[in-house]
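Every value quoted in this text rests on a predicted model; they were computed, and no experiment measured them.
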Amino acid sequence: MPPPNSLLDLINVTKQFVSAAGLEPLTVLNGITLQIGKGESLAVIGPSGSGKSTLLQIIGTLDRPTSGQVILDGQDLSRLDEVQLAAARNGQIGFVFQAHYLLPQCSVLENVLVPTLASKEAALRHGAEDRARKLLERVGLGERLSHRPGQLSGGERQRVAVVRALINRPKLLLADEPTGALDRASAQNLAQLLVELNQEEQVTLIVVTHALELANRLQRVFELRDGTLNRSKI
Amino acid sequence: MTTWTLIRRSLRFHARAHLGALLGAAVGSAVLVGALVVGDSVRESLRQMALARLGKVEFALASNDRLFREQLANDLAAGLLRQDDPGNAAANARTSSTVSARQIAPVLQLPGTAATSDGTARANRVQVLGVDERFWQLANQAPAFKTIPQDSVALNETLAHQLQAKVGETILLRVQKPSQLSRDAPLSQDEDASVALRLNVSAIVSDGQFGRFSLQANQIPPFNAFVPLSLLQSKTDGTNRANLLLVGTESSLPSHLDTGDRPKSQSLLTSAATLSGLTSALRASWQLADAELELRDLADGREVDLRSRRVFLDSPVEQGALNISTNGRGILTYLVNELRVRDRATPYSMVTAMGAPVVSPDMRDDEILINQWLADDLQAKPGDDLEMTYYVVGVMRKLEEKSARFRIRAILPMTGAAADRALMPDFPGLTTAENCRDWDAGFPIKTDKIREKDEKYWDEFRGTPKAFVSLGAGQTMWSNRFGNLTAVRYLLPDPISYAATNPRSLAESPDSQKSPASQREIIGSALLGKLDPASLGLSFQPARALALAASAQSQDFGGLFLGFSFFLIVAALLLMALLFQFGIEQRATEVGTLLALGFTPWQVRRLLLGEGGGLALLGGLIGVAGGVWYARAMLHGLSTIWRSAVGTSALQYHARPATLLIGAVAGVAVAWLTIWLALRKQAQQPARELLAEGGEFQTSNSGHAGRPVRFEMRSRSIKVGTLSSMAALLLIGFAALRSETAAAGLFFGAGALLLIGGLAFCSAFIGALAVAEAAGKMTLSGMGVRNATRRRTRSLATLGLLACGSFLIASIGVFRLDAVKGAEKRSSGTGGFALVGESTLPIVHDLNSAAGRDAYGLDANELAGIEFVPFRVREGEDASCLNLNRAQKPRLLGVQPDLLSQRGAFTFTQIAKGWPKENPWLLLQPREGGVVPAIGDAASIQWALGKKVGDLLPYTDERGRPFQIRIVASVANSILQGSLVMSEDQFVERFPNESGYRMFLIDAPSNKVEKARATLSRALQDVGLELTPAAQRLAAFNAVQNTYLSTFQVLGGLGLILGSIGLGVVVLRNVLERRSELALLLAVGFRPRALKWLVVSEHGALLLLGLGVGVASAFVAVLPAVLSPGAEVPFVSLGATLGAVLLSGAVWTWLATALALRGDLLKALRNE
């Protein structure tokens, strides 16, 4: 039974990839068990190719584990169909990618509001624009609402991506190498922003990163190596 | 932010990427709109032609060979005015609605031929119209002249062009003389059937000036020659006579303002009500002279004699005349060849069949009364046996001599009723003859038999009958289809009990009954009241409504061109879908982002569909403008290179707003549907794959990965290919044993199977290439070809499009109709006949007999081996594919079924259900009461009449009585196209006054055809006989379908060229996807030229393979046509089309390759 404050539970999650015929499948995640509480912040570090992004994608319902369970806020994600998973992604999870993946044809404000179009919950759509404006103001982009992504710097784009990830008030915010494509200064600013938003929005934050500075600013740090997840000693 | 906002943003942002797709949607929509507009244009052009040929005419009364008074036009006009008079309640009460005053023009309309004075140019089937100024007032645009000068003629443009005649030149018109007595009738004259007029051309009348006038719906203008009415009347013994009344419209609006767009129901109601009013006015205005009847006071003043200009009283007249009074007595007088008692004979005498006062009611049918003169001549006395010999006229004026025996009952003195010369009707060749030797009785008179005493009898007594038989006996011997009586007599005075039934007579003063003249008028009024003008062929038809109906129900060119353009539309839409899909595929990360943000795949597709919908909408709107251009181009084609299909160059562009809207909506809908089909499988990849660096849409190969799937698919493809090919070979073998008709379809089927087989083998080949290990030396071209296996589905789709398209274009030629092949066979469309002949004037003699040939001065030796199958003709509308209008009343032909049955002529495609299949021509013998069986050409029945075998067609006979024609069978692709064929017996029963024959199918030995043609044309020039080789006539009909096929091939070829542009797009896409791979090749030392060759060889292989499979399969499909002698397979245009496709594909491939490989390829490696 997960503890009452637990938001996310990974129970013996394993992920294998089938390679060419006749060869053993590649085990990327090997029986990972993890509990993450509400509002908690956590970093996952590890060498390239260790499966960090795979772990994040499984948590973020972008992939399914070969075995094991992922329980988000008491709901077993492995039992959900694709439509339900999409709804979970839309309403409960926010994702920030290394590449911002902003839609070039939409303005900053419109990009932030895109997730609301997929939501069937009227409550979420109601007041979304005000929330978007406030969040963008909060991240220092209050004056750039009508600008296109092409008119923003890398750091600004990533901030927009963060706001987009938060627009539907998710319980869980996942960030996969959010500072990977940024310069040092921008990376530091973004890292600070993530930490602050974690506290202000009370959103559970899981960050996959190579940046130890960012990892150290979070409550817990785990290292993924050889398919297993261990608390890091950094 | 709404979904619609995102869609708009995406459309705008990716506008350049969508440009190609937009153009594809616009082209598809333009072709669709354009095809529909072609339909509108043809329909409207036919409507305008109908309005031009009718001018302001709304109703017409055409009595053909029955001449009524020219004055009837004025009487009718006055009658209509009286109806309109509000004070004339009585008149108005009779009619269901008032009919406004209208222009009414009398016309004498006769068939004729025309020739230049030097004979260098001729025209048959000329409509000679005797008109006055009233006629030109019905024109939309009256010509400069009010009337045509005497001894002059105005030609319409078509006739002037045919004769190359100009104003001031002299032409010869030969015009049929209306015969009082039908030339098929007994005792009708043999000669004097036409009259020649040498006239000066005073004007050329344009179509708008009524030059195109005709009551028949046909887009091909007739040959019209307009002469002064009085001139034509005087030259044809029709003084003050006419046979056509034209009634103008209520308004005098010019036709271009008269849209005719009244609601259909209102228009029909108005027309019906007006028709009813006209009919009432006609009944109130007509006189006995209009029915070619007259009442004569006889010399003693105690009898009135009803007789007809037509000699025999029509059946309705006989019935009416005898019904109006119990006092009416029927009389039938005939010219007999001989009256003989023992060894004494009297030649050529009148004999009358009648009742009282000459023949008593108790006289038997085998008894005869003779006058004193005859008794003396024959030295006969009561009780002697008398033999009477006489001619009856059979089919084709075959004279059959018959005899009857009587016993002489009594001898009558040459006084009183028995010496009444008025008993002889006005036989045209007899009445005015000075002496017996001048008689023209329609049969050979042996003048050596005529004695001096016979001439004296004629001088003294004229046609006084020499003998009398009972009416029953006379009718048994001499009744014919033209009538059973030559007169009805009324004894005066007589308390006319019928007067109360005739309102006209009520208007007479009661005292007027006392004078003979008044009695005559009362009888006349009573008879007119009893007779229905329609029963004598005097009835108005709603000419305008019928013409507009014929054009409105015309051939659907909109649907036809949609069919022709089908492949072009498909190619455009496929190209649009391809380009749209490519554009979406380049936005893989965008789609992945949306999925990652919680959009379901369906929601993502809906967004993309919204974008596609916007493109389709915009493309549709652009397509409307493009459609106008496309329609104009198609109309130009129909007026020039495809003119054989429509027979006219007068097609004008016209588009209804509703059509443009429907076309645009349909174009948008079809484009949107295509995009939906293309997007069905989008957004099915997981978001993480789409978001992976360099992520791209992958074509799903479904099932298992690796070798086992490919092997299964290859195996399946080989099986399909083998089975299809074997089936094709079987079909070819089977087809070789079948008849020509069936073989063509079987070869096409074999070709289609080969196509499927070929594509299956290609699929297997590509699959095999994908897994094959490299054997031996690898070449650049080999590598290129092997690359085609990478995007298997895309490669197969391109190959399939090219193969199917080229197959369709090349093989459609198998449906080309060949008139020459097997033309000599009875089973062919020519029926095995060598020539088809059509005459303007009727040919009344049997051209198969020596007498008949002699009558026309034909040498029996020259025509040895030539046989004629004659057809009677009832003019109607051309129900062939040459007439774009819907034939309302098709032309009818009457033939003796045996003549076709014995020959086994033509091939039957269908027999009506429940009717026997043996001897189909004998199905023309009636089985159902009141229903006349008919046989027609299958194409005529289906396309021109819009009917099928077994259907009924309402018709009206010569006496205005409705009857039904049942289509009992159809023949395949024949020279009978355009008409319905019935038995001659049924024909003469319904149309007794259609004399002679005007169409002939002629058998001739192949080495005599041309000579026979020349001989007959020369000898029968005066009746306007036109002879055409049967194969040539069939070819003219075939030209329509063959032109349609050519149109399909041209437009299909355009579609194929568009498909080759699609190949270029595929090349571009393939190369752009592999830029980094190609950059690697560059980095390891390949030269840029080598890379280009690599790409070109990959796609060139697809192009050649696709076209090769398609063309090879098509060759099998068209093998029968290729091997057929005289077949006109359009190798040149076909070769040019396919060559253009190959060239286009090669050019686009090269261009796309050059475009994709331009710039610094190595940058792609650095980005990696």
Side-chain angles (χ1 to χ4, degrees), chain A residues 18-22 53-54 56-58 60-64 81-107 109-120 124-125 128-129 132 148-150 161 164-165 167-168 170 174 176, chain B residues 1-18 583-584 586-608 610-611 614 683-695 703-711 771 1167:
Chain A
V18 178
S19 58
S53 295
T54 304
L56 211 64
Q57 285 167 1
I58 287 172
T61 73
L62 293 178
D63 200 356
R64 287 186 186 269
D81 60 28
E82 291 301 326
V83 174
Q84 290 165 324
L85 285 176
R89 272 200 304 280
N90 185 254
Q92 299 186 65
I93 303 171
F95 229 116
V96 179
F97 300 93
Q98 180 173 351
H100 50 84
Y101 295 139
L102 297 179
L103 302 183
Q105 64 267 36
C106 296
S107 65
L109 180 62
E110 288 167 349
N111 263 291
V112 166
L113 290 171
V114 164
T116 64
L117 300 179
S119 173
K120 285 190 169 65
L124 272 177
R125 289 200 297 276
E129 190 170 330
R148 293 278 192 273
R164 182 180 67 186
I167 191 63
N168 282 341
L174 305 174
D176 188 353
Chain B
M1 177 63 168
T2 61
T3 305
W4 175 234
T5 308
L6 182 55
I7 291 171
R8 275 191 298 121
R9 293 271 184 264
S10 301
L11 265 174
R12 203 165 156 187
F13 187 82
H14 298 290
R16 274 175 73 180
H18 285 324
I584 298 302
Q586 284 176 324
R587 291 154 60 184
T589 51
E590 183 178 325
V591 172
T593 304
L594 291 173
L595 290 172
L597 293 176
F599 282 75
T600 61
W602 179 82
Q603 284 175 318
V604 172
R605 283 199 292 275
R606 198 178 63 167
L607 281 172
L608 297 175
E611 250 182 87
Q684 294 214 350
Q685 276 176 268
R688 67 175 188 286
E689 288 182 18
L690 295 169
L691 292 173
E693 195 168 325
H704 316 286
R707 203 179 169 96
V709 172
R710 287 186 183 156
F711 179 75
V771 298
N1167 285 342

TODO: Look at A:Arg89 together with A:Glu82 and state whether they make a salt bridge at an N to O cut-off of under 4.0 Å.
DONE: no

Open item on the list: Using heavy-atom distances under 4.5 Å, tell me whether B:Leu594 contacts chain A through its side chain, its backbone, both, or neither.
Closed with: side chain

- [ ] Name the member of A:Leu113, A:Asp63, A:Val114, A:Leu85 that forms the most heavy-atom pairs with chain B at distances under 4.5 Å.
- [x] A:Asp63

Open item on the list: For A:Leu117, which atoms come within 4.5 Å of any heavy atom of chain B: side chain, backbone, both, or neither?
Closed with: both

Open item on the list: Need one label for B:Thr3: side chain, backbone, both or neither, based on atoms under 4.5 Å from any heavy atom in chain A.
Closed with: both

Task: Pairwise side-chain contact, B:Arg9 with A:Leu103, heavy-atom cut-off 4.5 Å (strictly under) - done: no

Task: Under 3.5 Å side-chain donor-acceptor pair for B:His14 and B:Gln586 - done: no

Open item on the list: Using the salt bridge (Lys or Arg N to Asp or Glu O under 4.0 Å) definition, which of the options B:Arg12, B:Arg587, B:Arg606 pairs with B:Glu611?
Closed with: B:Arg587

Task: Any side-chain heavy-atom pair of B:Leu6 and A:Cys106 under 4.5 Å - done: yes

Task: Under 4.5 Å from a heavy atom of chain A, the part of B:Ala596 involved - done: both

Open item on the list: Below 4.5 Å, heavy-atom pairs only: which of B:Val604, B:Thr2, B:Leu11, B:Thr5 has the largest tally toward chain A?
Closed with: B:Thr2

